[in-house]
Chemist: 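Below are the structure tokens for one structure; questions will follow.
Since the model is a prediction, treat every value here as computed from it, not as a measurement. All ligand and atom numbering here is 1-based and tracks the order in the structure.
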Amino acid sequence: SSVRKYTGMVEDCCCDFETVDAINEEVLHPILQDLVKLPFFRYFKVKLWCDCPFWPDDGMCRLRDCSVCECPDNEFPEQFKRPYNGLSPDSMICQEGKPQAAVDKTLDSRVFKGWVETDNPWTNDDETDNAEMTYVNLQLNPERYTGYTGDSARRIWDSIYKENCPKYPSEDMCQEKKALYKLISGLHSSISVHIAYDYLLDESTNLWGHNLPLLYDRVLKYPERVQNLYFTYLFVLRAVTKATDYLEQAEYNTGNPEDDLKTQSLVKQLLYNPKLRTACPLPFDEAKLWQGENGPEIQKQFRNISAIMDCVGCEKCRLWGKLQVLGLGTALKILFSVDGESHLNQQRNEVIALFNLLNRLSESVKFVHEKGSSIEEVIKQQ
Ligand code: FAD
């Protein structure tokens, strides 16, 4: 049996690692795995158009595979428009062309209906602009290795970290900014975990499988990144439980009563699970961490992060990037409404993003827990 690597409280949260792993593996992971396969949760509406508003001069929009890009000169902060130094033109390939990076847009007869379309103030896309949106079946497009890498990918992460949530700990950095940094870092860890979980090991034989050295090099080697993954998981879980009343009575209507009843029942099983409610009743205490005075500024920064998603030069990464940023934006909206925005007003796409994000984080937490304590041995043997 292996020795537990992470113990004690998850930083800035109200549950310890052991409890998180237990409720994740016994309760949340199995329920979420079933839930996201149901029709209500497997379709996501998204603008996949690559119209990066930043870096208009550095060639991104002239790239062969990004010919559809538009670069409107809008009101984003100057630092976002600064040309990025150190890019070699060869490495600035959008990588849209790789088969594993493309989104399968197979149409399905079940489409969205019913819910009111409103905008999420935390994100940049106009959710109500239906002409620009496509419907994507998430089950056909698992988040995994796509081959998207190099300067184009690094530039996105760099600008998210550098321009939006500079790395703590600076003494006077407010709690909210630290939380924002941790949310993004936790999401980044989760994306890396999914790349490691489902990696193209051999292109010639199309062999997919785990890439444990990658898991170690990008995530497990850095205790802070593991902490942040658990933090993000608990943060999103708290948002879901805080919105219990709303989520319980929301209309999970896809036109198939059998599926829809199942959806409703699984959502209730998750929200009212006795083990979850006793073991980790308050996964994260927003009142303690969020003083609120910086709310509007944090909201603006998060919107900028959301806007950068249009610059992700790989369609499938853009899809999951956008979904997860909308999920985080929804969690932020639920926990920290600014200027009286109602958290009781989620729209369908937000609920879909929220649960799919929680499922992704839950998968990452599980894989990290399974491999975390034994991986150093595994790596040494290779
Ligand atoms: P990167 O992951 O690019 O990291 C860049 C730098 O950020 C690191 O050098 C490190 O300094 C810092 N860093 C890394 N992790 C953390 C963390 N958790 N917290 C804080 N700082 C950190 N690729 C795929 O194959 N499939 C996908 O689905 C996919 N989705 C993506 C979605 C988005 C929104 C973006 C921006 C990229 C996505 N990518 C995806 C690309 C992937 O995230 C990496 O950028 C790529 O694999 C190259 O990895 P890297 O080793 O250069 O480090």
Side-chain angles (χ1 to χ4, degrees), residues 11 46 48 50 52 54-55 60 84 86-87 91-96 98-103 123-124 136 138 141-169 178-201 203 208 211 213-233 302 304-329 353 356-357 360-361 363-365 368:
E11 195 189 26
V46 62
L48 280 178
C50 167
C52 176
F54 313 118
W55 312 300
M60 158 103 187
Y84 185 82
L87 287 181
S91 67
M92 275 306 297
I93 297 170
C94 261
Q95 293 151 338
E96 297 270 45
K98 296 189 181 171
Q100 67 267 26
V103 170
T123 56
N124 189 57
V136 174
L138 299 170
N141 295 286
E143 184 185 28
R144 60 176 175 178
Y145 170 80
T146 61
Y148 181 46
T149 182
D151 288 343
S152 167
R154 190 143 335 105
R155 180 176 64 171
I156 308 278
W157 288 121
D158 279 358
S159 56
I160 289 174
Y161 288 121
K162 281 210 193 96
E163 314 289 359
N164 290 286
C165 38
K167 194 170 148 56
Y168 74 98
K178 183 177 163 191
L180 187 61
Y181 168 79
K182 290 174 68 154
L183 288 176
I184 296 298
S185 169
L187 175 60
H188 192 170
S189 297
S190 182
I191 289 173
S192 302
V193 172
H194 279 89
I195 296 171
Y197 184 84
D198 207 354
Y199 195 84
L200 185 53
L201 297 168
E203 212 154 333
W208 291 77
N211 183 339
L214 192 150
L215 178 69
Y216 181 75
D217 287 340
R218 295 203 192 170
V219 182
L220 297 179
K221 203 161 79 181
Y222 305 91
E224 179 207 271
R225 295 183 188 175
V226 174
Q227 282 274 1
N228 294 342
L229 170 66
Y230 278 71
F231 174 85
T232 305
Y233 178 64
F302 194 81
N304 286 336
I305 292 172
S306 149
I308 293 178
M309 291 300 126
D310 281 330
C311 305
V312 172
C314 141
E315 199 174 43
K316 202 182 278 173
C317 312
R318 200 151 62 236
L319 164 66
W320 282 103
K322 286 192 161 205
L323 180 143
Q324 295 183 96
V325 165
L326 179 62
L328 276 184
N356 273 285
L357 168 63
R360 289 283 153 201
L361 294 166
E363 290 174 346
S364 296
V365 163
V368 162

Chemist: List the steps and the verdict of side chain to side chain contact (heavy atoms under 4.5 Å, CB included) for N228 and Y181.
Modeler: CA-CA 9 Å; N228 294 342; Y181 168 79; 4.0 Å; yes

Chemist: Provide the number and element of each atom of ligand 1 under 4.0 Å from a heavy atom of S189.
Modeler: 18 (N)

Chemist: Which atoms of ligand 1 are found less than 4.0 Å from any heavy atom of I156?
Modeler: 36 (C)

Chemist: Less than 4.5 Å apart, side chain to side chain, heavy atoms only: is that true for T146 and W320?
Modeler: no

Chemist: Look at atom 53 (O) of ligand 1 and say whether a protein heavy atom is found at less than 4.0 angstrom from it.
Modeler: no

Chemist: Using 30° and 60° as the class limits, which term best fits the ring planes of Y199 and Y145: parallel, tilted or perpendicular?
Modeler: tilted

Chemist: Ligand 1 and R218, any nitrogen or oxygen pair closer than 3.5 angstrom?
Modeler: yes

Chemist: Does the protein put any heavy atom within less than 4.0 Å of atom 9 (O) of ligand 1?
Modeler: no

Chemist: Check each of H194, R144, K316, E143 against atom 27 (C) of ligand 1 and report the one with the nearest heavy atom.
Modeler: R144

Chemist: Does Y181 have a heavy atom less than 4.0 Å from any atom of ligand 1?
Modeler: yes

Chemist: Let me see the working for I195 and R218 under side chain to side chain contact (heavy atoms under 4.5 Å, CB included), right down to the final yes or no.
Modeler: CA-CA 10 Å; I195 296 171; R218 295 203 192 170; 4.0 Å; yes

Chemist: Show me which atoms of ligand 1 lie under 4.0 Å from any heavy atom of R154.
Modeler: 52 (O)

Chemist: Among Y161, W320, W157, which one puts a heavy atom closest to atom 43 (O) of ligand 1?
Modeler: W157

